Amino acid sequence: MKKTGFGLSVLRPVRFLMVAITCALLFFSNVVPAFAIESYQSQPEEATTQLLETQRETDKASAKPPLSAEEQIEKTKGGGLNEIQGTADIEKMKRPENSQAATTVEDEVKNLLNKVTGNN
C-alpha cells in the first residue's frame with residue numbers, strides 16, 4: 001500500500017512558488033498604474049476656452065425648444081459634428097477622409113489567420 005502523504009509534500013514548494021508569483025503579480029498590477037502620473041501633464045488652461053464655448057452653446061440650446069430638422073441641418077452645414085460642437089476637435093475624429101490607410105477588422109482577421117496557418 002502506497003502512502004499518499006509523501007506525494008503531497010513534494011508539491012509544497014510548487015504551491016509556495018505559485019502563491020509568491022500570484023502575490024507579486026497582484027502587487028505590480030496595483031503599482032504600475034501609479035507610474036502613469038509621470039506621463040504628460042496637461043496645462044489647466046489647455047482647451048478651457050473651447051470647452052466653455054461648447055458649454056455656452058449647450059446652455060443656449062437647452063433653453064430653447066428642440067430644433068426642427070431644417071434648423072439642425074442648417075446649423076451643421078459648415079462641416080460641424082453637430083449643432084452644439086460645431087467644428088471643435090473635428091481633426092481628431094475618425095472619418096473616411098482621414099482614415100484611408102486604416103485596415104478593417106476583416107483584413108486584420110485575415111492577416112492573423114494567414115500568420116497562424118502559415119499561408120503568407
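In this chain, residues are counted from 1 in sequence order. Predicted, not measured: the structure shown is a model, and the values here were computed from it.
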V105: hydrophobic cluster co-members (side-chain, 4.5 Å): V109, L113
What's the spacing between T22 OG1 and L26 CG if we round to 0.5 Å? 7.0 Å
Mind checking the NZ-CG spacing from K110 to L112? Nearest 0.5 Å is all I need. 13.5 Å
Within this structure, what is the CD-OG distance for the pair E57 and S62, rounded to the nearest 0.5 Å? 11.0 Å
More than 12 heavy atoms of other residues, nucleotides or ligands under 6.0 Å from CD of E106: yes or no? no
Can you tell me how far apart CG (L25) and CG (N30) are? Round to the nearest 0.5 Å. 9.5 Å
